[in-house]
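Structure first, then comments.
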Amino acid sequence: MTWTGMFSESTRKTTRPTRPRYLPPHMRSPQIGNASFLETGAPELTRPRFYSPQLAQSTRGRGPWLTARRNPNWEDEKFDELEVVDDTLEEANVTNNLEAYDDIPVQASGDNIPPPVKTFSEIDLGDGLKQNIRRCNYIKPTPIQRHAIPIAVAGRDLMACAQTGSGKTAAFCFPIISGVLKDSLSVTRRVGGGSEVACPLALILAPTRELSCQIYEEAKKFAYMTRVQIAVAYGGTSIYHQLRRLERGVDILVATPGRLVDMIERAKVSLGMIKYLALDEADRMLDMGFEPQIRRIVEQMDMPPPGTRQTMLFSATFPDEIQRFASDFLLDYVFLAVGRVGSSTDLIVQRVELVQEMDKRNHLLNLLRTQRSNGTPHSKHALTLVFVETKRGADKLERWLSRNGFSAIAMHGDKVQMEREQALRSFKSGATPILVATDVASRGLDIPHVAHVINFDMPKNIDDYVHRIGRTGRAGKFGLATAFFSDKNLHLAKSLAEVMKESSQEVPTWLIQNAENYSASGRSGWVRHRGVDYGGYDLRKDIASSSTYNDTYAVPAIDGQYAPTFLGSGGDDHWVASDMNLNAAAPPYGYGSVVASGWD
DNA sequence: AAAAAAG
C-alpha cells in the first residue's frame, strides 16, 4: 500500500545577507514587472535591478590571497567563485507567489520508508558537508531533499521523480558525500601510484557531457575542504588529463557512459568498490539509445550487484516501461514523487501555434522581431533557447537567424566539445542571446536568464517537451514557452493538450480538436507514443500482489506542518513530477537561498 | 526518420 499526502509548506523570510553572496539558480533573477510580461505575451526583457554583472566579474579569477586580504573568510569566496549578487535580491525573492505553492504533493511507496526530515540538521551528514551546506546558504531542505535524503542515508535504493529545480542534485549528492565521509577506507588505499586502477566508491551517471560537468562542479562545492575526492569523465576531450586525475585517487566519479566504459576497458577504473550508484535523468539513461550501455556498466562490469550497492535514480519524468528496466537495478526500493501536474504553473506561459513546416522560419523571425520591439533587445537577461530536431537543422537555423540580424549560435552533438562548451558559454553570458540547440540541451542544464523557450520543431515525445520548456521559468521568474505545432506533430496533440491542461494553460480549440482525432495510439519505428505518461506513480502499484509493499507510511506531523491534508484521494489525482510544476514551485519553497547550478 | 554517448 502506499500513501499519498499533501503537505503544507510554509515559507519564511530569511535574514538579509550583509555582503554580496552566491545566488542559486532557482533564486536568481526573480521576475519583476511580470504584468507587462503577461500582457505582451513576450518574455520580460527588463534587466533585473538586483543583478550586478560588474560585481560578479570583479571577484572572478582572483587568487585566494587577494580575497583573503579583503575578507578573512576567503574560503567562502573561493568556495563559490561564481556569481555574486547584491543583497537587494533577497527581498524580491521571498515575496514571489508564495501562497500558491504552499502545498506540495508528495507520494512515497515501498517498505518501511524512512520518514522525511524538516531540517538538514536532523540528519547526521558529517561536519564537513554540513559546513558546506551552510556555505551554500542552504537554509531549508526542499521537499525532494526532505524526503529523499533520509531514505538515501538509511541506505535504501530509491527511484525519485523530482521536479526540475527542486534540488535533485543535492538530494543524491549529500547522502553520497556523507556516506563517503563516513567510510573508513581512505582514497589512497584504493589507488596506488603509477598505473593502478582507480576504485571510486560512488558513480554518478548523466546523459550529456555538459550535464556531467555541471554535476561535477556542484558536487565539488558540496565536498569542498573535505577529504572527498571527486573526478569527472566524459568524452570529446583528452582522456589523458582525466586519467591523470584518477591516478590521484577518486571517491566519487561523475561520468557519461561512453568515456567511462573506455576507462574501464583500459583498466584505469574499476567499479568493484562502488557503494553508491546514481543515475541522473534516469529515464533518459534507460531509454532505447542508452539502455544497452547502462546495462553493460551496471550489470556486465565489476559493479557490485543490487543489495551490495545503493542505487538511486532521479528524473522529472519516469515512464512505465523505463520503471520496469530500472527495477532491475534496484532492490527493495522506495518510490518517491514530488510535485503534481495540475497545480498552478503560471510561471511558465505555454503557447502553441499552428505553423506549417515551410512557414516556420518566417514565423520565428516575426516572433523574435516582436519580442525585440516589445522590450529591451536580447541581453544577458533575456535569453531565447530555440529547440530544433536535427543537428543540421540547428546549423541552418543559426545561419538563417544570423543573416537576418539575430545573434544566434548553435549547439549540437556534431560540434566538437570545445565548440559545444563555447556555444553554451556564449549563450549564458548573453554574448549570443539566442541558442539553437538539439536535445543535447534539453535536460538538466541550468541556464539562468532563459526567458523564452521556442520549440521550433516539436520533440518526438512529450517528456522531452516537459524537459525542454523547463529550461525557462526557473528561479521564480516568469518564462514563456512557444511551440510551433505542425501537421507532423498531430500524434502529440493529445499529450500536449493534456500537459497544458494540467499546468493550467489555455489550450487552443484546434489542439483539443486534434487531440480527439489523433489519440496517440500509433506506434511506429523509433517514435514512441506514450500519450501522457510521465510515470508519476509507482509502477509496482499495478502489480496484483501488493503484499510486499503493504507498509503504510504516514508522515508524522511536525509542528503541524507535515500533516497530510488528504490521503489517497479518489484516484483521479495525477501525481507527476513535471518541470512545469517545478518551475512554479521553486520560489515558494522559500529555501532561503541557495543551491547551486545543477539545481535540477 | 534522431539526439545522445568513445575515438
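Lettering follows sequence order; numbering is per chain, from 1.
Between B:dA6 and A:Thr256, a contact under 4.0 Å exists linking OP1 or OP2 to a side-chain N or O. Remark: A:Lys391 is in phosphate contact with B:dA4, judged by side-chain N or O atoms under 4.0 Å from OP1 or OP2. The side chain of A:Thr438 contributes an N or O atom lying less than 4.0 Å from OP1 or OP2 of B:dA4. Residue A:Arg420 has a polar side-chain atom (N or O) positioned under 4.0 Å from OP1 or OP2 of B:dA5.
Counting any heavy atom pair closer than 4.0 Å across all strands shown, A:Arg284 reaches a base atom. In this structure, A:Gly235 reaches the sugar-phosphate backbone alone: every heavy-atom distance under 4.0 Å involves primed, P, OP1 or OP2 atoms, never a base.
Between the side chains of A:Arg245 and A:Gln229, a donor-acceptor pair is found at a separation under 3.5 Å. At a cut-off of 3.5 Å, with distance as the only test, a side-chain donor of A:Gln350 or A:Ser503 sits close to an acceptor on the other residue.
Note: CG (A:Asp414) to P (B:dA2) measures 12 Å, nearest angstrom. The CE atom of A:Met458 sits 18 Å away from the C1' atom of B:dA1 (whole-angstrom rounding). A:Leu445 places its CG atom 17 Å from the P atom of B:dA3, with the value rounded to the nearest Å. Put simply, CZ on A:Arg209 is 15 Å from P on B:dA3, counting in whole angstrom units. In this entry the distance linking CD of A:Gln293 with P of B:dA3 reads 17 Å, nearest Å. Taking atom CG of residue A:Asn461 and atom P of nucleotide B:dA2, one finds them 16 Å apart after rounding to whole Å. If you take CG of A:Leu492 and P of B:dA2, they are 17 Å apart, rounded to a whole angstrom. Residue A:Leu279 contributes atom CG, which lies 16 Å from atom P of B:dA5 at whole-angstrom precision.
Going from atom CG of A:Asp439 over to atom OG1 of A:Thr208 covers 10.5 Å, rounded to the nearest 0.5 Å.
With sequence neighbours excluded, the residues satisfying side chain to side chain contact (heavy atoms under 4.5 Å, CB included) with A:Ala497 are A:Val507, A:Leu511, A:Ala515.
Closest to the A:Tyr234 side chain, of the nucleotides B:dA4, B:dA2, B:dA6, is B:dA6. For A:Phe290, whose side chain is taken as the heavy atoms from C-beta onward, the closest listed nucleotide among B:dA6, B:dA4, B:dA3 is B:dA4. Taking only side-chain atoms of A:Thr208, from C-beta outward, the nucleotide of B:dA2, B:dA4, B:dA6 with the closest atom is B:dA4.
Judged by distance alone, with hydrogens and angles left aside, A:Glu389 brings no side-chain donor or acceptor close enough to the base of B:dA2 to form a pair under 3.5 Å.
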Distance-only check: which donor-acceptor pairs under 3.5 Å involve side-chain atoms of residues 292-299 of chain A, not counting sequence neighbours?
from	atom 1	to	atom 2	distance (Å)
A:Arg295	NE	A:Glu291	OE2	2.5
A:Arg295	NH1	A:Glu299	OE1	3.2
A:Arg295	NH1	A:Glu299	OE2	3.3
A:Arg295	NH1	A:Asp328	OD2	3.1
A:Arg295	NH2	A:Glu291	OE2	3.0
A:Arg295	NH2	A:Asp328	OD2	3.1
A:Arg296	NH2	A:Glu265	OE2	2.4

